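In this chain, numbering begins with 1 at the start of the sequence shown. Predicted, not measured: the structure shown is a model, and the values here were computed from it.
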Amino acid sequence: DVVAAAGLQPGDVIISIDGAKASTFDFATAVSALYGKQESGLKLGVVRLADLDSAKPKVETILLKRGVTLASAEGESVPLPPPYAEKRAR
C-alpha cells in the first residue's frame, strides 16, 4: 500500500506541507501542494493519532518524492500515485 510505504498510518493528521501550516489551506490548495511538480520533494509534518490528545504532541517529519515508479513483480515499471515516500526522518 502506497500510503503505508510513505510512512503514514491510519488516523495520522498532516499538520504541515512543506513547512506551511496545513490548517491555512483550503482543500484545493492542499491537494495542489501535495501533488506538485513530478520528481520534486515534499515534506510533511504529521502527528500520530495516539499523540493527538497529548499536551505537546510529537510531530514526525516525512520526506517524500513525487511521481516515483517501482518495479512490479513482473518486472514492469509501475507508476505510484504521488506522493510516494522516499525516506522518513524522525
Looking at Asp53, I want to see if its CG is surrounded by more than 12 non-hydrogen atoms of other residues, nucleotides or ligands under 6.0 Å.
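Counting other residues, nucleotides and ligands, CG of Asp53 stays at 12 neighbours or fewer.
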Do Leu52 and Val13 come within less than 4.5 Å of each other through their side chains, counting heavy atoms only?
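Leu52 reaches Val13 side chain to side chain.
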Taking the side chain as every heavy atom from C-beta outward, state whether Leu44 and Leu34 have any atom pair closer than 4.5 Å.
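Contact flag for Leu44/Leu34 side chains = yes.
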Give a yes or no on whether Phe25 and Val46 share a hydrophobic cluster (residues Ile, Leu, Val, Met, Phe, Trp, Tyr; joining criterion: side-chain heavy atoms under 4.5 Å apart).
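The answer is yes; both residues are in one hydrophobic cluster.
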Residue pair Arg48 / Ile62: nearest heavy atoms and the distance that separates them
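Minimum heavy-atom separation between Arg48 and Ile62: NH2-CD1, 4.4 Å.
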Can you check side chain to side chain contact (heavy atoms under 4.5 Å, CB included) on Val47 and Asp12, steps first, answer last?
CA-CA 6 Å; Val47 174; Asp12 283 353; over 6 Å; no
Please determine if Asp51 and Lys58 form a salt bridge, counting it only when a charged side-chain N lies under 4.0 Å from a carboxylate O.
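Not counted as a salt bridge, because no side-chain N and carboxylate O are separated by less than 4.0 Å.
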Between side-chain atoms of residues 14-21 and protein atoms elsewhere (two or more places apart, or another chain), which donor-acceptor pairs fall under 3.5 Å?
from  : atom 1 : to    : atom 2 : distance (Å)
Ser16 : OG     : Gly45 : N      : 3.1
Asp18 : OD1    : Lys43 : N      : 2.8

